[in-house]
Undergrad: 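I have a structure I would like to understand better, so I am pasting it below and will then ask my questions one at a time.
When a residue number appears, it is its place in the shown sequence, counting from 1. Quick caveat, the model's predicted, so the values are computed rather than measured. Order of appearance sets the numbers: ligands from 1, and atoms from 1 within every ligand.
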Amino acid sequence: MSQILENDLLIRAAQLQQTERPPVWMMRQAGRFMPEYWEIKNKYSFLEMCKTPEIAADVTMLPVDLLGIDAAILFSDILVTAEAMGGDLSFEQGVGPRFSNPIRSKADAANLSVDCLDKLSYVPDAIKVIQQRLDGKLPLIGFAGAPFTILSYLVEGGSSKDFKKTKLMLNNEPELAHSILQKIADVTIQYLNLQIDAGVNAVQLFDSWALALSWNDYREFSHKYNAYILANIKRSVPVISFCKGSSVFAPIMAEAKPDVISVDWNADLKIIKQSLPSGIAVQGNLDPFVLYADKAVIRKKILDLFERMRGEGGFIFNLGHGIMPDIPFDNVKYAIDVVKEFRY
Ligand code: CP3
C-alpha cells in the first residue's frame, strides 16, 4: 500500500535518497524512560497494553507527540508471535519475559502451532487505530522478531545472558532447532504480511541476539530464515533488518536483500555503508549509553556521526540498540532536537 505522507523522510532514506537531514526514530522509543508511559503501565499489564488496540495506539503516539520523531513504531513486542504459537508468555516486573512451557524436545516443538494468525488479530486492529491517529503525518513501522531470537526465548524460557540451552540445541540437535525455526519463520511471514495489509509503511525484523552466534551458525540458524522471510513477504514497503552483531554480519545480512540494515554501535557506519552492495541503506548507530551523558557530549557525538555520513544517501539515524529505561527523558528529547535542527 502506498500512501502520501506529510513527513516521508524515513521512506525516502530507505529508498537511498539524500534527505535534507537524516530521519530519526529510536528503538524502544515508547517505553519506560517516559513518565507518560508509566501513567498507562500502572493501570494495565504489558500484554493488556499490547492487546487493546486503543491503548496500544495511545502508547505508540507518546513519542510522536512528546518527542517529535520522524516515524512511529507499533507498540507491541517481538514475543507475541511465540505466544500465538503456543508459548505461555508473561512479563514480570524486574524479571522480563518468561515462557512457563519452554520448548526443548521434539514433542514440545510438534505442539507449536503455525496456523495461529487469528490469535494476533489485535495487531491489525491496533494498526488501523494508529493510522487514523497519525492521519498521514508520519510513517508507521511494523515489526516482528527474527526466528533465531524468538527461538532463544522459547528454548531458554525467557531472557538469557549466555544462551546456553539454545546453543546446546543448535549443537546437539540441529534438526530439532531447524524444525522450530522453520515454524517460526512461516508464522513470521504471515504476521508481517498481516501488518503490511493493515497499512504499516515499513517493517523491521529484530534479530536482537544474533550476536551470540559464530559466523557459520549465524548463516545456518539465523540468516537462512531471515532470507526466507524477506523473500516471502510482500515487498510493497521498505524492510529494515536489525541485529546486534550487524557490525560483523552485515555482509551476510545484505544477501537477504533488505532495503535497510540497522547497525549496532561497534562499527564505523560509513565503512559498513560503503562495503554493502549498492541498493541497501543503513540505520544507526549511536551507542545508546551516550544518552546518559552531558548534553554537549550527546550533541557532539550525533554531529560527528552526521559529518561522517555526509554525502551518503540512504541513512536513517537511530541508536545501535534500544533506549534503556533509566535514560533521562530530557536527554532523549534533546538528541532528537539536535537531529531535527541539523541540515546538510
Ligand atoms: O520500540 C518500541 O518502542 C516499540 C515497542 C517494542 C517493545 N519491545 C516494547 C516493550 C519493540 C519493538 C520491542 C521489541 C523487543 N522485545 C525486542 C527486540 C528489540 C531489542 O530491544 O532488542 C526484544 C528482545 C523484546 C523482548 C522483550 N520485551 C524484553 C527482553 C523485555 C523486557 C525488557 C526489560 O528490560 O525488562 C520486553 C518487554 C517490553 N517490550 C517493554 C516494552 C516497552 C517493557 C514492558 C514493561 O513496561 O515492563
Side-chain angles (χ1 to χ4, degrees), residues 24-51 55-67 69 71-83 87 89-99 123 126-127 130 139-154 156-161 163 166 188 191-192 195 200 202-212 222 226 240-246 262-265 283-284 288 318-327 329 332 336:
V24 52
W25 72 280
M26 291 184 184
M27 289 183 261
R28 293 279 177 97
Q29 66 189 15
R32 290 166 292 180
F33 74 101
M34 287 181 151
E36 291 79 2
Y37 174 85
W38 282 107
E39 283 172 24
I40 303 172
K41 179 64 202 286
N42 287 335
K43 289 189 253 173
Y44 309 97
S45 75
F46 175 66
L47 281 173
E48 270 173 334
M49 288 162 69
C50 294
K51 291 181 182 181
I55 300 173
D58 289 345
V59 185
T60 301
M61 293 303 288
L62 289 177
V64 175
D65 297 332
L66 302 172
L67 291 171
I69 34 70
I73 178 162
L74 168 71
F75 184 76
S76 185
D77 199 81
I78 61 165
L79 297 175
V80 297
T81 42
E83 185 191 46
L89 174 65
S90 60
F91 286 88
E92 286 158 45
Q93 208 57 58
V95 182
R98 235 177 66 82
F99 286 102
V123 173
I127 290 168
I130 297 163
L140 173 64
I141 303 169
F143 68 92
F148 169 70
T149 292
I150 300 295
L151 174 82
S152 80
Y153 282 100
L154 281 172
E156 303 289 337
S159 300
S160 169
K161 277 195 290 288
F163 306 96
T166 311
T188 307
Y191 180 56
L192 286 173
Q195 294 185 37
V200 296
V203 293
Q204 177 156 320
L205 191 63
F206 283 93
D207 204 357
S208 304
W209 310 130
L211 173 74
S222 172
N226 296 349
I240 308 168
S241 177
F242 165 78
C243 83
K244 276 291 292 311
S246 42
S262 190
V263 182
D264 60 42
W265 63 87
Q283 173 173 280
N318 203 317
L319 307 175
H321 199 188
I323 304 175
M324 281 77 77
D326 60 345
I327 289 182
F329 174 86
V332 179
I336 286 158

Undergrad: Do any nitrogen or oxygen atoms of Arg32 come within less than 3.5 Å of a nitrogen or oxygen of ligand 1?
TA: yes

Undergrad: Do any N/O atoms on Trp25 end up under 3.5 angstrom from N/O atoms on ligand 1?
TA: no

Undergrad: Flag the pair Gln195 / Leu74 as yes when at least one side-chain heavy-atom distance between them is below 4.5 Å, and no otherwise.
TA: yes

Undergrad: Nearest protein heavy atom to atom 47 (O) of ligand 1, by residue and atom, and its distance?
TA: Tyr37 OH, 2.6 Å

Undergrad: For ligand 1, is there an N or O atom under 3.5 Å from any N or O atom of Gln29?
TA: yes

Undergrad: For the pair Gln204 and Ser262, evaluate side chain to side chain donor-acceptor pair (under 3.5 Å) and give the outcome as yes or no after the intermediate values.
TA: CA-CA 9 Å; Gln204 177 156 320; Ser262 190; 4.6 Å; no

Undergrad: Looking only at protein heavy atoms, which one is nearest to atom 38 (C) of ligand 1, and what is the separation?
TA: Phe91 CE2, 3.5 Å

Undergrad: Nearest non-hydrogen atom to atom 26 (C) of ligand 1 belongs to which of Leu47, Ile323, Asp77, Leu62?
TA: Asp77

Undergrad: Pick, from Phe33, Tyr44, Phe143, the option with the minimum heavy-atom distance to atom 11 (C) of ligand 1.
TA: Phe143

Undergrad: Below 30° counts as parallel, above 60° as perpendicular, anything between as tilted: where do the rings of Phe33 and Phe329 land?
TA: parallel

Undergrad: Decide yes or no for Phe75 and Met61: does some side-chain heavy atom of the first lie under 4.5 Å from some side-chain heavy atom of the second?
TA: no

Undergrad: Quick one: does Gly322 get within less than 4.0 Å of ligand 1, heavy atoms only?
TA: no

Undergrad: Return the closest protein heavy atom for atom 42 (C) of ligand 1 as residue, atom name and distance.
TA: Phe46 CE1, 3.5 Å

Undergrad: Should Glu83 and Lys51 be marked as a salt bridge (Lys or Arg N to Asp or Glu O under 4.0 Å) after you check the CA-CA gap, both sets of side-chain angles, and the distance that decides it?
TA: CA-CA 12 Å; Glu83 185 191 46; Lys51 291 181 182 181; 2.8 Å; yes

Undergrad: Is the contact between Leu74 and ligand 1 made by the side chain, the backbone, both, or neither, using heavy atoms and a 4.0 Å cut-off?
TA: backbone

Undergrad: Using distance alone, decide if ligand 1 has a nitrogen or oxygen within less than 3.5 Å of any nitrogen or oxygen in Phe75.
TA: no

Undergrad: Could you pull out, from Tyr153, Phe206, Trp38, Trp209, the option with a heavy atom nearest to atom 30 (C) of ligand 1?
TA: Tyr153

Undergrad: For atom 48 (O) of ligand 1, what's the nearest protein heavy atom and its distance?
TA: Lys41 NZ, 2.9 Å

Undergrad: Kindly identify the option in Pro63, Ser76, Cys50, Pro97 whose heavy atom sits closest to atom 9 (C) of ligand 1.
TA: Ser76

Undergrad: What are the atoms of ligand 1, with element, lying closer than 4.0 Å to any heavy atom of Ser208?
TA: 18 (C), 19 (C), 20 (C), 22 (O), 24 (C)

Undergrad: Kindly confirm or rule out an N or O of His321 lying under 3.5 angstrom from an N or O of ligand 1.
TA: yes

Undergrad: Examine Phe99 together with Tyr153 and report whether their ring centres are nearer than 6.0 Å.
TA: no

Undergrad: Using the rule side chain to side chain contact (heavy atoms under 4.5 Å, CB included), only one of Thr149, Ile240, Thr188, Ile78 pairs with Leu205; which is it?
TA: Thr188

Undergrad: Is the closest side-chain heavy-atom distance between Phe143 and Val203 below 4.5 Å?
TA: no

Undergrad: Should the ring pair Phe46 and Phe91 be called parallel, tilted or perpendicular, given that the plane angle runs from 0 to 90° and is split at 30 and 60?
TA: perpendicular

Undergrad: Are Val332 and Ile323 packed together at the side-chain level, in the sense that at least one heavy-atom pair is separated by less than 4.5 angstrom?
TA: yes

Undergrad: Counting non-hydrogen protein atoms only, what is the nearest one to atom 23 (C) of ligand 1? Give residue, atom name and distance.
TA: Ile78 CD1, 3.4 Å

Undergrad: Below 4.0 Å, non-hydrogen atoms only: which portion of Arg28 touches ligand 1? Side chain, backbone, both or neither.
TA: both

Undergrad: Indicate yes or no: at least one non-hydrogen side-chain atom of Met34 is less than 4.5 angstrom from one of Pro63.
TA: yes

